[in-house]
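To keep things clear, I will list the structure first and then write my remarks on it.
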Amino acid sequence: MVIGRLPIGLGLILASALGCGRVEQRVVDEEDTTTSGGAAHGGRGGSTSVGGAFGGLGMGAVASTAGMGGIVEPGCGGAPNPLPLQALSNWEYARSVEWVVDITTSEPFPPAMLYGYPFSYGLELYDSNVGVLYDLAETYGSVAQSSLRAPCAEGDMTPECARAIVAALVQRAFRRERADDVERYLALFNLGATDGGWDGGIELVTEGVLLSPAFLFKWFPGEPTATATARLTALELASRLAYFVTGRPPSQDLLAAADRDDLLTDAKLEAATRYLLDGGFSSQARQFYSQWLGLHQLDNLAGPELPDETLKSVRQQTEDFINEVIASDRAWPRVLIGEPEKLDSAGGISGLLTARSTLIRWNNPTQRGKFVRERLLCMPVPAPPPGVPTLPPEVGPGQTRRDVWMEHRANPACAACHSLMDPIGYGLENFDELGLYRTTDNGQPVDASGELVSAGDADGPFVGFKELQQRLANSRTVSECQAATWLGFGLQRRVEATDECFAREAYAAFANSDFDIGELVVSVVLSKQFRTRDRYMGGRSEAVPPPPELPLTAVGKAARRKALLDFVVAETQWFASVVSLEDRPLVDQYLSGLRTQQAKLGNIP
């Protein structure tokens, strides 16, 4: 039975009917995306597929890459292409703050606050998280004066200089250049300056910008249209491109190109993408693969055998390796398995599959097999049904870990699904749960023979991690999955069966470039799905908020906080009235968090 080559829904139904056994893990399982804000974020909750990739891509129409002169894919026709409103992700928020106020910062939220496993496409805007955002805005505002004074010479504190400061700030933060933005936030600057002078003005306007929905949300309603598909505006495309390739807002040069509508042509959009690939892609690729590997969950494993310093070190080694590959040839096979000819008989490790960080995060045969099947083959394995007993992971005297894990195959409630995972993980049994190489397990020789079952062209037996690496690196199924995963990452949503043609296009470009990840990114950007969306049933990005109603003065910290929150709440209320009904729950959630902050200040009875 080949679950992975069926449409994802049918595959999951069949696998769930078969049942999967449970096994205790040292890692907290993937976050449950069916709870909390999933429904409020465009129906993204409830999916366990890999970053938008899906089982059963059905790419049989794509010719084999072996010895080919090139794959040619016809243009793809219309397909559903939702683009729901999203908040900045944890990573994007940190990168955006650095870009906007020139302050080096770290990702502010712990992994438990992320959703969209394995990729975080947007922050959950719970009241507690909005409280963190509010506190961070105050912190960054209090230290932003020196970096934001740059447009003004020392002692040049004129209205023209204030306007220049505000104009530069809102352009970077809101990813656009509009006079109405400058006027609204200049009023906020002037209010802060009435009590705190220029530093007070810079502080208050920075706080307002970092709490503004224009900064926090990625909103791409597209151009007005009477058809089912809307083209993104040039400015929207600039933001989408910059966040996809670099994880940060567009540069001034990219915004200028958007103002000239340059990004609406294939040639200039491709040129802009290649420019970003050369200038800021390495950090984004590092973030992509860190999330894809689940490395944020390493913190859950800290303990006497794995102190924090070790976990930080192995993660840094992995990220350094990604940087090295991206800076050289950006070759997917090297990312996956490194350079196998350099692996020595003592168990030298190369590539992400055998990186110590990966082997710690996925630390037993089931987990490692699940990683390969879901992340490398795009063949989802359903969660075990309720009521299936947990098998003890303890290894008895004279037993190897493999001996214990073989109980899955003997238990009818477990065998159906574990036969798809465990035999893959056995190939990595030369590495213990600490990711260290070994030749014996509990005094017995390690048996690292395994098999890929129902895995497309990767099917077959192997012995040890080197043969497993080669089988996966030579598999078109694996390369198709990687192409679909990057497509989903670029679209920031789950890739559906209706996107199959676009996934084939991405794979063709990937294969024709000898699996250059950069060329795969270019293909995603040039795809129709990236440059368009389903027609938006709400307002447009050109809509202008009403002028703010601000007091004449705000003396003291409490008064400035009240004025700031009133300003941001009014702007967010206006934004909620402009977005579509489908997008409104997310804005309302943010608005609720802001009102909670107001209540804490005693402004609401």
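Keep in mind it's a predicted model, so treat the numbers as computed, not measured. Sequential numbering from 1 along the given sequence is applied to the chain's residues.
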- request: With side-chain contact (heavy atoms from CB on, under 4.5 Å) as the test, would you mind laying out the steps for V381 and E374 before giving the verdict?
  value: CA-CA 7 Å; V381 179; E374 293 195 334; 3.7 Å; yes
Residue pair [X] / [Y]: nearest heavy atoms and the distance that separates them:
| X | Y | value |
| --- | --- | --- |
| Y121 | E92 | O-OE1, 4.3 Å |
| T318 | A355 | OG1-CB, 3.9 Å |
| L83 | L491 | CD1-O, 4.4 Å |
| Q469 | T354 | NE2-OG1, 3.3 Å |
| G435 | I360 | N-CG1, 4.1 Å |
| L376 | C481 | O-CB, 3.2 Å |

Would [X] and [Y] pass as an ion pair if we require N to O under 4.0 Å?
| X | Y | result |
| --- | --- | --- |
| R471 | E467 | no |
| R504 | D499 | no |
| R274 | E519 | yes |
| R330 | D516 | yes |

query: How would you list, by chain and number, every residue that makes a side-chain contact (heavy atoms from CB on, under 4.5 Å) with T139, sequence neighbours excluded?
result: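 Not a single residue meets the side-chain contact (heavy atoms from CB on, under 4.5 Å) criterion with T139.
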Please tell me if the side chains of [X] and [Y] come closer than 4.5 Å, counting only heavy atoms from C-beta onward.
| X | Y | answer |
| --- | --- | --- |
| T358 | F431 | no |
| V463 | S449 | yes |
| V372 | M421 | no |
| W405 | T366 | yes |
| R95 | S283 | yes |
| Q316 | D320 | yes |
| T477 | M379 | yes |
| L452 | L468 | yes |

query: Crowded around N323 CG? As in, over 12 foreign heavy atoms under 6.0 Å?
result: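 Enclosed: over 12 neighbouring heavy atoms sit under 6.0 Å from CG of N323.
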message: Quick check with a 6.0 Å cut-off and a 45 degree axis cone: is R240 positioned over the face of F530's six-membered ring?
response: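 Satisfied, under 6.0 Å and within 45°.
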query: Taking the six-membered ring of Y426, is NZ or CZ of R402 closer than 6.0 Å to its centre and within 45° of its axis?
result: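 So R402 does make the cation-pi contact.
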Spell out, as yes or no, whether a donor-acceptor pair under 3.5 Å connects the side chain of [X] to the backbone of [Y].
| X | Y | result |
| --- | --- | --- |
| R368 | W362 | yes |
| S527 | V524 | yes |
| D403 | Q399 | no |

field: I517 vs W486, side-chain contact (heavy atoms from CB on, under 4.5 Å): CA-CA, chis, key distance, verdict
entry: CA-CA 9 Å; I517 295 166; W486 273 100; 3.8 Å; yes
- prompt: Run the side-chain contact (heavy atoms from CB on, under 4.5 Å) check on E319 and S290 step by step: do they pass?
  reply: CA-CA 7 Å; E319 292 177 346; S290 291; 3.2 Å; yes
Once you round to the nearest 0.5 Å, how far does [atom1] of [X] lie from [atom2] of [Y]?
| X | Y | atom1 | atom2 | answer |
| --- | --- | --- | --- | --- |
| S96 | L88 | OG | CG | 5.0 Å |
| Y437 | N430 | OH | CG | 4.5 Å |
| T246 | L254 | OG1 | CG | 8.5 Å |
| S357 | L311 | OG | CG | 10.0 Å |
| R493 | Q86 | CZ | CD | 10.5 Å |
| R315 | T310 | CZ | OG1 | 15.0 Å |

message: Evaluate L359 against N363 for side-chain contact (heavy atoms from CB on, under 4.5 Å), listing each step before the verdict.
response: CA-CA 5 Å; L359 296 163; N363 54 37; over 6 Å; no
Pair [X]-[Y], side-chain donor/acceptor within less than 3.5 Å:
| X | Y | answer |
| --- | --- | --- |
| S120 | Q291 | no |
| E98 | T104 | no |
| Q284 | W91 | yes |

- prompt: In chain order, what residues pass the salt bridge (charged side-chain N to carboxylate O under 4.0 Å, His left out) check against E429, with sequence neighbours excluded?
  reply: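 Salt bridge (charged side-chain N to carboxylate O under 4.0 Å, His left out) list for E429, sorted by chain: R401, R438.
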- request: Kindly say whether the aromatic ring centers of F515 and W332 come within a distance under 6.0 Å.
  value: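 Here the rings of W332 and F515 have centres that are no less than 6.0 Å from each other.
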task: Determine, using ring centers only, whether W292 and F371 are less than 6.0 Å apart.
output: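 Under 6.0 Å, so yes.
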message: Among Y289, Y243, F288, exactly one meets ring-ring contact (aromatic ring centres under 6.0 Å, His included) together with F489. Which residue is that?
response: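 For F489, the ring-ring contact (aromatic ring centres under 6.0 Å, His included) test succeeds with only one of Y289, Y243, F288, which is F288.
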